[in-house]
Amino acid sequence: MKEYKVSVIPGDGIGVDITEQAIKVLEKIGGKYGTKFNFTTLKAGGCAIDEFGTPLPEATLEECKKSDAVFLGAVGGPKWDTLPGNQRPEKALMGLRGGLGLYANLRPAKVYNILKSASPLKEAIIDKGIDLLVVRELTGGIYFGERGRGAEEDVNYAYDTEKYNVEEIKRIAHVAFKAAMKRNKKVTSVDKANILESSRLWRETVVEVAKEYPEVELNHLYVDNTAMQLVRDPSQFDVILTSNIFGDILSDEASMITGSIGMLPSASLRNDSFGMYEPIHGSAPDIAGKDLANPLAQILSAAMMLEYSFNMSEAARDIENAVEKVLEKGYRTGDIYTEGMKKVGTKEMGKLVLEEI
Ligand code: NAD
């Protein structure tokens, strides 16, 4: 029997509610596919501040490094909102990404046929389908570049620097092309090459990497145009490849057009099979502990973990199909509920998915 060591960080708020359901799904799928997941539950975020005085205890990071994958809920909440920036729960996320060397962020945005009405876009646009993947560079660019403040002739100024080297661009481009090979074989590289020198290097490098993937169609769009195209006709996209800052903004836009934040998973990866998997939403303190949270984004994050870290594509499809079947049968948590559907809580939704596996 294959065994994998998974570090589970439920975090705060609904993170606790939804990881509980997703772990049950993983245990069942493990049984079905002859794989044992050894879970270690760790603290990070607000709960770690309360217990250890820091959002990311050294012991948590060290334990994550020893595991095959990290499975994260969400961190944060109003209790810790007044703390200074570097002591806030969200600091744990940056610490985990940096500390684990996770340079590629994958965020699929998909509209399920049965949840079409949740999208804020017009039906004529949605009917063409939305099923795209944003591949965002996660450890470089302006979020990590040199920054500072100063004063010139008594006027204060501040600056941040966008800097990428060829190797950083190449490795993220490979992630995007490899993902496209498993999907519809199209990569749209997003930059601002009409203005930024860093974007011109980005584009040149992506063109070079593309030569290794002759089956994949490559096109380039400026980031401002991409923002428009995402609402005008998102069906044109398969894989969107972009930098840290552009990806931050575009992946939020892409998730918004699906209309259901409680449905969207994500993966943060590096070169080996190791990854960190989490839903894109936050800790939703307004509904935490009330059996109201939608656990499907967390459950779909488990499917991504199977796919990318454990090479268990069939098991991943199994989970995705189970989720789709539950939705087809009309079961909805409050966030995706529409009249005529059957409203269920977090635990019931988890149980329904289990039954379909
Ligand atoms: P949020 O995503 O937590 O919530 C936004 C809205 O969506 C809320 O009304 C919430 O109830 C709802 N929602 C989110 N996920 C849901 C789910 N699974 N089921 C049903 N409804 C859901 O964003 P926010 O309110 O801006 O932030 C709350 C806290 O989470 C903050 O402390 C923020 O910093 C933190 N946060 C953490 C992460 C993370 O851990 N990766 C990401 C974003 C925000």
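Please read these numbers as outputs of a predicted model, since none were measured by experiment. Each ligand, and each atom within it, is numbered from 1 in the order the structure gives. Below, each value reflects all heavy atoms present in this structure, side chains not excepted, and no hydrogens, waters or symmetry copies.
Counting heavy atoms under 4.0 Å from ligand 1, residue Gln298 does not touch it at all.
For atom 31 (C) of ligand 1, the closest non-hydrogen atom on the protein side is Glu90 OE2, 3.9 Å. Looking only at protein heavy atoms, the nearest one to atom 19 (N) of ligand 1 is Asn294 N, 2.9 Å.
The aromatic rings of Tyr4 and Phe37 lie parallel to each other, their planes meeting at an angle below 30°, with 60° marking the opposite boundary.
Thr346 places a side-chain N or O within donor-acceptor distance of the main-chain N or O of Leu292, the cut-off being under 3.5 Å.
In this structure, Ile14 counts as a contact residue of ligand 1, since one of its heavy atoms falls inside 4.0 Å of the ligand. The shortest separation from a heavy atom of Ala297 to ligand 1 is not under 4.0 Å, leaving the residue out of contact.
Salt bridge annotation for Asp127-Lys116: present, with a cationic side-chain nitrogen under 4.0 angstrom from a carboxylate oxygen. Under a 4.0 Å N-O distance rule, the pair Lys192/Asp224 qualifies as a salt bridge. The pair Arg317-Glu314 fails the salt-bridge criterion, with no side-chain N (NZ, NE, NH1 or NH2) lying under 4.0 Å from an Asp/Glu carboxylate O. For the pair Lys43 and Asp50, the salt-bridge criterion is not met [side-chain N within less than 4.0 Å of a carboxylate O].
Close contacts of ligand 1 with Glu278, meaning ligand atoms under 4.0 Å from a residue heavy atom, involve 41 (N). For ligand 1, the atoms sitting less than 4.0 Å from at least one non-hydrogen atom of Gly76 are 32 (O), numbered in the order shown with element in parentheses.
For atom 6 (C) of ligand 1, the nearest protein heavy atom lies 4.0 Å away or farther. Atom 40 (O) of ligand 1 is approached by the protein to below 4.0 angstrom, counting heavy atoms only. For atom 9 (O) of ligand 1, the nearest protein heavy atom is under 4.0 Å away. For atom 35 (C) of ligand 1, a protein heavy-atom neighbour is present inside the 4.0 Å cut-off.
Tyr331 does not carry Lys351 over the face of its six-membered ring by the limits of under 6.0 Å from the centre and within 45° of the normal.
Val6 and Leu300 fall within the same hydrophobic cluster, defined by Ile, Leu, Val, Met, Phe, Trp and Tyr side-chain heavy atoms under 4.5 Å apart, directly or through other members.
Ligand 1 has no nitrogen or oxygen under 3.5 angstrom from a nitrogen or oxygen of Pro279.
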